[in-house]
Amino acid sequence: MVIEIAVGIVAVAAVVLVAFLVPVLIRLRKTAEESERLLRRMNEDLPVLFTEATQAASNMNQIVTEVRVGASCARVLGEAMGEIGETINHVHGAVRGGAGSLLTNLSSLLAGFRAAYGVFKQQSSSSHHQGGSSNGD
């Protein structure tokens with residue numbers, strides 16, 4: 001009889017174990033099916049995603065190349081503008097220096113004319129004084 005009780009307990013334990021294992025196995029089967037569906041969708045979507053990522057990387061490379069070309073053109077333009085600024089500065093300095101020397105030359109010329117005028121005026125006034133007294137004698 002002890003053996004019958006032991007067999008009964010083992011049978012009840014097996015039924016309880018099966019009762020717990022069946023829902024676990026059912027859930028495990030559903031999880032495996034969902035995983036399989038997910039892997040199928042990933043296998044379908046990944047090539048498209050890889051193609052789009054490759055195209056995006058290609059577009060980014062093209063944009064970066066265009067930005068580099070634009071930056072080099074801007075650098076050349078900046079250097080040219082700097083050279084123009086330096087040229088304008090040199091011309092301004094030359095004009096300012098030239099205008100200063102021109103004014104100095106003009107003032108010297110004017111001073112020369114004044115001196116000459118003063119000399120001629122003095123000579124003409126002294127010749128009138130001398131000529132007037134000699135004509136009157």
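Everything numeric in this text was worked out from a predicted model, so none of it was measured. Just so it is clear, the values below take in all heavy atoms, side chains as well, and ignore hydrogens, waters and symmetry mates.
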Working to the nearest 0.5 Å, report the span between CE of Met60 and CD1 of Ile63. 6.0 Å
Just so I know, are the side chains of Glu52 and Leu49 near enough to count as touching, which here means a heavy-atom distance under 4.5 Å? yes
Value for CE (Met1) from CD1 (Ile5), rounded to nearest 0.5 Å, stands at 5.0 Å
Rounded to the nearest 0.5 Å, what's the gap from CG on Leu28 to CD on Glu33? Could you check? 10.5 Å
Is Val18 linked to Ile26 within one hydrophobic cluster, defined over Ile, Leu, Val, Met, Phe, Trp and Tyr using a side-chain heavy-atom separation of less than 4.5 Å? yes
Would you check if Phe20 and Val16 make a side-chain contact, meaning some heavy-atom pair closer than 4.5 Å? yes
Side-chain donor/acceptor of Thr31 to backbone N/O of Arg27, under 3.5 Å: yes
Could you measure the distance from the CG atom of Leu39 to the CG atom of Leu46? Nearest 0.5 Å is fine. 10.0 Å
Evaluation steps, salt bridge (Lys or Arg N to Asp or Glu O under 4.0 Å), between Glu44 and Arg40: CA-CA 6 Å; Glu44 292 170 2; Arg40 278 191 197 132; over 6 Å; no
